[in-house]
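Only one structure is covered here, and it is reproduced in the block below.
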Amino acid sequence: MASRKNRMEKILQIVSAKEIETQGELAAALQEEGFQVTQATVSRDIRALRLVKRRGPSGRQHYAVPETELSEMTDKYIRVMRDGLLTLEQAQNILVVKTVSGMAMAVAAALDALKFPEIVGCIAGDDTVMAAVRSADETAELIAKIHELVRK
């Protein structure tokens, strides 16, 4: 069963990636990701995350993370990376991230949320994340970026 923390991280991922206009759309997106939620649960999560409605490029209102929350959220994702990351290894254009047992999903969510332009997408198991990167050169650059990020 997915935890509330995992669900909240997924909500942040979803609203960052898509223009979600309604609680129903968000509930459907979560269900597509394997989370069994009700509209009431989604409503509580939206309040807890302090999501706001913002006008998007389409001109329509959609859920978003308040700007003041973004740097705080970035700090949280960096902490997740620091706490969970063990090793980074390059396999051509794939970044293989070894994590503390049980932390791969959180580290993958952090990688997604930090929006590294080099990363096309991530897949997480229990203690390993595989991130597809646009090229082998960008994979090497990404490893350096991540090392710099978690050292600060």
- [ ] Can you measure from CG (Asp83) to OG1 (Thr99) and round to the nearest 0.5 angstrom?
- [x] 11.5 Å
Open item on the list: If hydrophobic clusters are built from ILVMFWY residues whose side chains come within less than 4.5 Å, do Leu88 and Phe116 share one?
Closed with: yes
Task: With sequence neighbours excluded, residues passing salt bridge (charged side-chain N to carboxylate O under 4.0 Å, His left out) with Glu21 - done: Arg60
Open item on the list: Taking the side chain as everything from C-beta on, heavy atoms only, tell me whether Asp45 gets closer than 4.5 Å to Val37.
Closed with: no
Task: Nearest-0.5 Å distance that lies between atom CZ in Arg7 and atom CD1 in Ile14 - done: 11.5 Å
- [ ] Measure across Cys122 and Val129 and return the closest heavy-atom pair with its distance rounded to 0.1 Å.
- [x] CB-CG1, 4.1 Å
Task: Closest non-hydrogen atom pair, Arg54 against Val65 - done: NH1-O, 3.3 Å
Task: Results of salt bridge (charged side-chain N to carboxylate O under 4.0 Å, His left out) for Glu141 - residues two or more places apart only - done: none
TODO: Please tell me if the side chains of Val120 and Arg134 come closer than 4.5 Å, counting only heavy atoms from C-beta onward.
DONE: yes
Open item on the list: With clusters defined by side-chain heavy atoms of hydrophobic residues (ILVMFWY) lying less than 4.5 Å apart, directly or transitively, does Ile78 cluster with Ile143?
Closed with: yes
- [ ] With side chain to side chain contact (heavy atoms under 4.5 Å, CB included) as the test, would you mind laying out the steps for Phe35 and Asn6 before giving the verdict?
- [x] CA-CA 9 Å; Phe35 293 89; Asn6 288 347; 4.2 Å; yes
- [ ] Output the distance between atom CD1 (Ile123) and atom OG1 (Thr128), rounded to the nearest 0.5 Å.
- [x] 12.0 Å
Task: Atom pair CG (Leu30) and OG1 (Thr41), whose distance is rounded to the nearest 0.5 Å - done: 10.0 Å
Task: Closest non-hydrogen atom pair, Ile94 against Met130 - done: CG2-CE, 3.8 Å
Task: same_hphob_cluster(Leu111, Leu86) at 4.5 Å side-chain heavy-atom cutoff - done: yes
Task: Minimum-distance pair of heavy atoms, taken over all atoms of Ala110 and Val80 - done: CB-CG1, 4.2 Å
Task: Ion pair Glu118/Lys145, N-O distance below 4.0 Å - done: yes
- [ ] Look at the side-chain heavy atoms of Ile, Leu, Val, Met, Phe, Trp and Tyr, link any pair under 4.5 Å apart, and say whether Met8 and Tyr63 land in one connected group.
- [x] yes
Open item on the list: Just verifying a value: how many Å separate Asp126 CG and Met103 CE, rounded to the nearest 0.5 Å?
Closed with: 11.0 Å
Open item on the list: Restricting to non-hydrogen atoms, name the atom on Glu9 and the atom on Tyr77 that form the minimum distance, rounded to 0.1 Å.
Closed with: O-OH, 4.4 Å
Task: Minimum-distance pair of heavy atoms, taken over all atoms of Leu51 and Leu12 - done: CD2-CD2, 4.2 Å
Open item on the list: I'd like to check the salt bridge (charged side-chain N to carboxylate O under 4.0 Å, His left out) partners of Glu138; sequence neighbours left out, ordered by chain and number.
Closed with: none
Open item on the list: Is it the case that over 12 heavy atoms from other parts of the model lie below 6.0 angstrom from the CD atom of Gln61?
Closed with: yes
Open item on the list: Test of understanding: clusters of I, L, V, M, F, W, Y form through side-chain heavy atoms closer than 4.5 Å, transitively. Do Val100 and Ile146 belong to the same one?
Closed with: yes
TODO: Supply the atom-to-atom distance Leu95 CG to Gln90 CD, rounded to the nearest 0.5 angstrom.
DONE: 8.0 Å
Task: Over 12 non-hydrogen atoms of neighbours within 6.0 angstrom of CE in Met81 - done: yes
